[in-house]
Amino acid sequence: MILDSKIPDGPLAEKWDRHRFECKLVNPANKRKFDIIVVGAGLAGASASASLAELGYNVKTFCLQDSPRRGHSIAAQGGINAAKNYQNDGDSIFRLFYDTIKGGDFRAREANVYRLAQVSNNIIDQCVAQGVPFAREYGGQLANRSFGGAQVSRTFYARGQTGQQLLLGAYSALMRQVKKGKVEMLSRREMLDVVVIDGQARGIVTRNMLSGVIETHAAHAVVLATGGYGNVYFLSTNAMGSNVTAAWRAYKRGAYFANPCFVQIHPTCIPVHGTYQSKLTLMSESLRNDGRVWVPKNPGDTRPPTEIPENERDYYLENKYPSFGNLVPRDVASRNAKEQCDQGKGVGSTGLAVYLDFSEAISRDGSGVITRKYGNLFHMYEKITAANPMHEPMMIFPAVHYTMGGLWVDYNLMSTIPGLFVLGEANFSDHGANRLGASALMQGLADGYFVIPYTIGNYLATISSSPQDTSHQAFKQVADEAAAKIGQLLAINGKKTVDEIHRELGLLMWDSCGMSRNEAGLQQALARLPAIREEFWQNVAIPGSGQELNQSLERAGRVADFLEFAELMVIDALSRKESCGCHFREESQTEENEAKRDDANHAHVSVWEYTGDGNSPEFHKEPLAFENVQPSQRSYK
Amino acid sequence: MGWIGSLYRSSVGKKSIMAASGLLLSLFLLTHLLGNSLSFLGREAFNAYAEKLHSVGDLLYIVEAGLLFLFLIHIITGIILYLENLQARPSRYSVSTSEGGRSWGSRTMPYTGVIIFVFIIVHLLNFHFTDKSVPVADLVRGLLSRPPMAFFYIISLLAVALHLSHGVWSLFQSIGFNHDKYNGVLLKGALAFSILVGTVFILIPVLALVSRSFLL
Amino acid sequence: MSDIQLTLKIWRQEGPDAPGRFQSYASGPISTDMSFLEMLDVLNERLTGEGAEPVAFDHDCREGICGMCGAVVNGHSHGPEKETTLCQLHMRHFNDGDTLVIEPFRARAFRIEKDLVVDRSGLDKMITAGGFVSVNTGGAPDANAIPIPQKNAEEAMDAAACIGCGACVAACPNASAMLFVAAKVSHLSLLPQGHPERARRALDMVSEMDELGFGNCSNERECEAACPKGISIRNIARLNREFLKAAIFSDED
Ligand SMILES: Cc1cc2nc3c(=O)[nH]c(=O)nc-3n(C[C@H](O)[C@H](O)[C@H](O)COP(=O)(O)OP(=O)(O)OC[C@H]3O[C@@H](n4cnc5c(N)ncnc54)[C@H](O)[C@@H]3O)c2cc1C
Ligand code: HEM
Ligand code: SF4
Ligand code: FES
């Protein structure tokens, strides 16, 4: 199969307009004959469900949590980008487009990213109209801040709770459609598989997480908005329920997976405390505006930070990158922290942390100014660690944060299974090899509010609107398979808990397919993974039954998929021999140990096709052409 | 008039009715209090006040009917609210503590309410459904110089004070008054009001008990 | 860092209709750096190892923002720390030898599903009744077209910070959901975008609340004291105002 990204012709700036014009329309009276399943109620899923229902489609929306208001998107703190140029500081759609493409290290499609920048402005308008209480200036205009090293102030925010407020906006729009009877909301439902009939996505199989009943649902199209897979590493900043199951099942039914090894690791998180640690907490990136990163010069120095004199401290980011200093991009900051810790200069009880020191900023600006800027972050840090960054340096360490990889989609956000659309973090589309701060929220909402409502019509107009039901034997077959898998899991009756095995998988992935990757390590991981999988299927312990709320069983199902998926990540990382964005291959670095991109051999999206259990996935390339921007090497020296 | 029905059926509506009736009852208490304070000036003043009151004739009946209506509304609504609230949590916590919001007044509202109710009946039997030819001052002395009755009055009036210590602040919250500008005044004012009401009313049975010259 | 040992008395209930009871567990050594939920994880790992059923509890973000976690610890919703969700409560706030009684949020409107997991769909139903602005996607005016005084935006944000955890209901002696409803009604009535529907919204949300079997507000202030996001009962006063205005003066019925 040849990958057709369906990028419209014409000049970059006109592609989306032209495409919207060329999209087939579904007659308004016919819309109500079409049923659409939306899996996921994060920003992407909730905005899509609401918008599709407003158009007249019948929508069924699913989520894992007890309420659609709790999707992982709710945890996003920093903000959302848009090219409004309200600050008159030189922003434009083209600049947002350019920054996003460049930030992604030239591994994303120009046309998709340009469309994202175009609709970014509508998102802000829409959210304000819904009542999202964005921060405002004294005079009542919207406030902006500069975020993640951007040269312009284009980030809109609602205190440190931007994701929450955007999600509550989308959620309220969704609930309004529930009231109108256009959306049926099914919470505490886990999608276990997609049903593909005659090559088209026709429905899904879910498990009712309270009763354990395996249910089937039919529709004319299925939209996946199930988020990212960062939890393959066990520890990440993602919510506990974030998983790859939906995407992985779709992959095994014929949807291609793109760039699975592209994982963003965020430099400023609270370090791990002990083996009981269940998740990692992000500390806003903005802290690096005033905090100075350092470690002791001498490995193994265990003195408390305040007793280490200036000349025995290594401000390694400032020394290595004099022009960007502490504000180097996320991947560079993360990699350098790891390097310091690998040299034994890490601090804290585990040696896996570096200091982020505010003492200079406090003596320069006064404690009042610093408290005003970071007081709530310091408070949050203190809650978790019982240490106050006003008096001693913060300890930080990188943590898995976001997955740029995902199911491959064309310009219409349709996967390689006709009728299966993928939105938000679950798709691979817009961030290339690295995502800029405040761009994920933008993408999730762009996909849900402003892209899918047009592009899904283009598909629906080509298929019959006759009612769909679950009578086709494919539904029964897929449901039986899902039930059998659950039965198999429950029958193992082993000794290790799901978390123990998940933790083991996570450590392996973190060490070999984390911030820095090399051939040998990846090969080792590839050799080790089947053994962990084997151990899981032989020795996992899952108490309870399948006919009830069983959280061990839920986790086991997800970990089973992570265990398979991890292999694809490693294979992808092996095949991309260049360093780009967050993917740092030690074999591909400059003399100064910086990432070296290889446009001659790797200017493509790596796309993987499932070929059966035990078989190697088939590799496909989607070449990336840059007609409007000139790929340049990043340099932060 | 359907809107009154829907208002009464709603939780917020019932609360506002509690608040409105509570406010009017509190105002009545205030006038009652002023009148009763005349007892401190001596029996002439007090008796004169009572006679004056009775001489207004029909108007008094109207006021009394109004009061009765207010009491009924307040009591019936209070009972409905209490029962509904009981049902809203069928299984109780095994450890019940306060998060730090409740006060003695707030947690005892229904109980102090019941005490007040019993008190009102006794009080009416004592002073309303009684031989109106006896001068009020003698009636008061006769009743309240007996320790059991005096203690009953004192306890009941403490209950009134406790009821109001929460009630007066609460009624403003119920009808929508809550602003930093006047929250302090409201809270302290409500407390002061309940203390004032409690003290002045309680002074009467106390004096009747201990003072040889009270109302003589 | 140090370890403490606790006695945990946890409510175990197999399903909505099953009778529940308390079961005691020795916690084993608990690091004071753990969060409360991590302490439960440790217990569950042990129970699983022993072949016993782990304690079911809801959680997702573990950052105090999704509102999924929550239980009553020694009589306190989300535990004894002020403005802290259960997932953000750390074990250093407890002492060696303490007994912790852990119960689910209890209210007629919150059915117990299993152990500490309760059904809070009532909160969604109240939002469905009117906690939104009726605006379709597309066609919104420029975001800066209507200036909103900073103070109003901030106050709206104060109310919008509600995470929908239900601790207010759990802590209220009457199991009333007024703080939750008040937070949403306030958020939207403080912004011009919410004004066209403010009367309808207040009436509908309150009537849905009543229908779902939540209790009545007695102004006990327990909700405010328990709320992990510090939502003020000033919002309840505003809801009362909005509701009474709507019921008495508006054309809506
Ligand atoms: C701590 C943190 C801070 C962040 N801050 C920012 C920021 O400041 N700015 C920014 O732009 N981005 C930020 N991000 C990234 C951003 O939040 C996410 O990428 C984005 O919200 C993802 O949205 P989504 O709708 O694609 O998926 P999610 O929000 O993850 O939603 C997934 C949905 O799918 C459902 N689901 C998943 N699997 C299944 C299944 N099998 N069956 C049924 N339902 C399922 C879930 O229940 C959920 O409703 C942050 C991320 C983190 C972790
Ligand atoms: C002198 C007589 C009384 C006065 C001045 C009075 C005053 C008040 C006031 C001001 C309130 C607060 C209303 C609000 O919060 O909005 C109140 C509440 C209450 N009253 Fe009374 N009251 C009196 C008698 C009674 C009686 C006789 C009963 C019951 C038998 C009663 C039962 C209650 C109850 C249960 C409440 C609490 C309602 C709730 O918040 O749910 N009261 N009262
Ligand atoms: S008001 Fe507070 S306690 Fe109630 S649901 Fe919202 S955040 Fe939770
Ligand atoms: S788990 Fe999300 S608020 Fe506690």
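Being a predicted model, the structure only gives us computed values, none of them experimental. Chain naming here is simple, since letters A, B, ... match the order of the sequence lines and numbering starts at 1 in each.
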With a 4.5 angstrom heavy-atom cut-off, is it the side chain or the backbone of Lys82(C) that approaches chain B, or both, or neither? side chain
Pick from Cys223(C), Cys217(C), Ser207(C), Ser176(C) with the largest number of heavy-atom pairs that fall under 4.5 Å of chain B: Cys217(C)
When you check the gap from the basic side-chain N to the acidic O, do Arg102(B) and Glu220(C) get nearer than 4.0 Å? yes
With under 30° as parallel and over 60° as perpendicular, where do the rings of His32(B) and Phe28(B) fit, or are they tilted in between? parallel
Can you say whether Ala202(C) sits under 4.5 Å from chain B via the side chain, the backbone, both, or neither, judging by heavy atoms? neither
Go through Val12(B), Asp180(B), Leu7(B), Leu86(B) and name the one with the most non-hydrogen pairs under 4.5 angstrom from chain C. Val12(B)
Between Leu81(B) and chain C, with a heavy-atom cut-off of 4.5 Å, which part of the residue counts as in contact: side chain, backbone, both or neither? both
Donor-acceptor under 3.5 Å (Asp119(C) side chain, Glu113(C) main chain): no
Show the nearest heavy-atom pair for residues Val101(C) and Ser94(B), with the distance to one decimal. CG1-OG, 3.6 Å
Any donor-acceptor N/O pair, Asp58(C) side chain to Val117(C) backbone, under 3.5 Å: no
Please verify the inter-ring angle class for Phe94(C) with Phe36(C); under 30° counts as parallel, over 60° as perpendicular, anything in between as tilted. tilted
Sort out for me which of Ser16(B), Gly105(B), Ser98(B), Ser103(B) touches chain C most, counting heavy-atom pairs under 4.5 Å. Ser98(B)
Give a yes or no on whether a salt bridge exists between Lys151(C) and Glu155(C), defined as a side-chain N under 4.0 angstrom from a carboxylate O. yes
Which region of Val73(C), side chain (C-beta onward) or backbone (N, CA, C, O), has a non-hydrogen atom less than 4.5 Å from a non-hydrogen atom of chain B, or is it both or neither? neither
So which atom in Gly164(C) and which in Leu123(C) form the shortest heavy-atom distance, rounded to 0.1 Å? O-CD1, 3.4 Å
Is Phe243(C) close to chain B through its backbone or its side chain, or both, or neither, when contacts mean heavy atoms under 4.5 Å? side chain
Using heavy atoms and a sub-4.5 Å threshold, report which of residues 56-66 of chain B line up against chain C, by residue number. none
Please determine, among Pro80(C), Ala109(C), Cys172(C), the option with the most heavy-atom pairs under 4.5 Å with chain B. Cys172(C)
At a 4.5 Å cut-off on heavy atoms, which part of Leu203(C) comes close to chain B: side chain, backbone, both, or neither? neither
Using non-hydrogen atoms and a 4.5 Å limit, figure out which bit of Phe22(C) sits close to chain B: side chain, backbone, both or neither. side chain
Below 4.5 Å from any heavy atom of chain C, which atoms of Ser170(B) appear? Answer side chain, backbone, both or neither. both
Output the option from Ala247(C), Ala170(C), Gly20(C), Gly213(C) having the highest count of non-hydrogen pairs under 4.5 Å with chain B. Ala170(C)
Check each atom of Glu222(C) against the heavy atoms of chain B and say whether the ones under 4.5 Å are side chain, backbone, both or neither. both
Measuring centre to centre across the rings, with the benzene-like ring taken for any Trp, is His163(B) within less than 6.0 Å of Tyr111(B)? no
Taking all atoms of both residues into account, what is the closest heavy-atom pair of Gln88(C) and His90(C), and its distance? O-ND1, 3.1 Å
Presence of salt bridge, Glu252(C) and Arg200(C), under 4.0 angstrom: yes
In terms of heavy-atom proximity below 4.5 Å to chain B, should Ser77(C) be classed as side chain, backbone, both, or neither? both
Whether Phe152(B) and Phe119(B) hold their rings parallel, tilted or perpendicular, with breakpoints at 30° and 60°: tilted
Could Lys14(B) and Glu84(B) be called an ion pair, given the rule that one side-chain N must be under 4.0 Å from one carboxylate O? yes
Among the listed options Val206(C), Asp210(C), Asn235(C), the residue most often paired with chain B at heavy-atom distances under 4.5 Å: Asp210(C)
Do the side-chain N and O atoms of Asn174(C) and Asn216(C) include a donor-acceptor pair separated by under 3.5 angstrom? no
Hey, are Ser174(B) and Asn219(C) close enough side-chain-wise for a donor-acceptor pair under 3.5 Å? yes
Identify which part of Ile233(C) has an atom lying under 4.5 Å from any heavy atom of chain B, answering side chain, backbone, both or neither. both
For His166(B), is it the side chain, the backbone, both, or neither that has a heavy atom closer than 4.5 Å to a heavy atom of chain C? side chain
